[in-house]
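To start, the structure under review is shown below, and the notes come after it.
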Amino acid sequence: MRQAGRNFLARCMQSGNLEVLFRSAVSDLFLGGSRLAGMETMQVGAAQDHSAAQYTVSMMLMLRDDFESKNKGLQTFHVLEAAGALTICKLVFHDVIQGTWTHMRRLPMVNAENLVCSSHACPSRGNMGAIYRSQRYGRGWDLNDGDGGAAHIPCVHCRADYELILFVHLFD
């Protein structure tokens, strides 16, 4: 029975089933498969308009240290945000990682080098962690809460930083 299930999933992957590709990519990225293969598979799903794959690629690119990757991730983030797709993307991603895998091996982390906003003139820069804690613990933030309380933040770069914090905490 176990082999039949693997054969079925292999056939689904070969046929290009986007949900199976997405789940396989999440497994590779966060459970110990090949991170490079996981990112490549995730990008295939993103290129075929799988919004949760686009969201994941966006977050992973913005977590990198180089400007070009951050900018590419920010562009995708902005498209998803403008389309109002962030909530559904988070829900799909959260369901995949929380539904079956409780012992993630490779958790993404946010640190000062990962932050997208680099403007010294931005009044909200560097405050996204405090806003996240206030929203989540102060009023009981829920994953289904649309923007999670970030709609009032005028800087798109800071909203991206806030989203990175949300993304990392989806693993909690």
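For this chain, numbers begin at 1 and follow the sequence in order. These figures come from a predicted structure and were not determined experimentally.
Counting only heavy atoms from C-beta outward, the side chains of L166 and L86 never approach each other to under 4.5 Å. At a threshold of 4.5 Å between non-hydrogen side-chain atoms, the residues T76 and V57 do not count as touching. A 4.5 Å side-chain heavy-atom check between F167 and K90 finds every atom pair outside the cut-off. Residues Y55 and V92 fail the side-chain proximity criterion, which asks for heavy atoms closer than 4.5 Å. In this structure the side chain of M39 reaches within 4.5 angstrom of the side chain of L61, judged on heavy atoms.
Expressed to the nearest 0.5 Å, how far CD1 of I88 lies from CG of L80 amounts to 12.0 Å. Summarising the geometry, atom SG belonging to C158 is positioned 11.5 Å from atom CG belonging to L164; distances are rounded to the nearest 0.5 Å. H94 NE2 to T87 OG1: the interatomic distance, rounded to the nearest 0.5 Å, is 13.0 Å. To the nearest 0.5 Å, atoms NZ (K72) and CZ (R64) are separated by 8.5 Å. How far OG of S69 is from CE of M62: 11.5 Å, rounded to the nearest 0.5 Å.
Listed by chain and residue number, H50 satisfy the side chain to side chain donor-acceptor pair (under 3.5 Å) test with E19 (two or more places apart in sequence, or in another chain). In terms of the side chain to side chain contact (heavy atoms under 4.5 Å, CB included) criterion, V79 has no residue partners (sequence neighbours excluded). In this structure, H157 has no ring pair (Phe, Tyr, Trp, His ring centres under 6.0 Å) partners at least two apart in sequence or on a different chain. Every side chain to side chain contact (heavy atoms under 4.5 Å, CB included) that Q48 has, sequence neighbours left out, goes to L18, V44. Under the side chain to side chain contact (heavy atoms under 4.5 Å, CB included) criterion, D49 pairs with Q54, sequence neighbours left out. Under the side chain to side chain contact (heavy atoms under 4.5 Å, CB included) criterion, A37 pairs with D28, S34, sequence neighbours left out.
Within the structure, salt bridge (Lys or Arg N to Asp or Glu O under 4.0 Å) pairs that include any residue of residues 79-89 comprise E81-R159 (at least two apart or interchain). Within the structure, ring-ring contact (aromatic ring centres under 6.0 Å, His included) pairs that include any residue of residues 56-79 do not occur (at least two apart or interchain).
Relative orientation of the F30 and F93 rings is perpendicular, given thresholds of 30° and 60° on the angle between their planes.
Here the side chain of T41 pairs no donor or acceptor atom with the backbone of A25 at under 3.5 angstrom.
Counting all heavy atoms, side chain and backbone alike, C89 lies closest to A52 at SG-N, 4.0 Å. Of all the heavy atoms in V156 and L74, the pair that sits closest is O-CD1, 4.3 Å. Annotation for E163 and M59: closest pair CG-CE, 3.6 Å, computed over non-hydrogen atoms. When every heavy atom of A53 is checked against every heavy atom of A46, the shortest pair comes out as CB-N, 3.6 Å.
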Would you please test M42 and V26 for side chain to side chain contact (heavy atoms under 4.5 Å, CB included) and show each step?
CA-CA 8 Å; M42 194 67 75; V26 169; 3.7 Å; yes
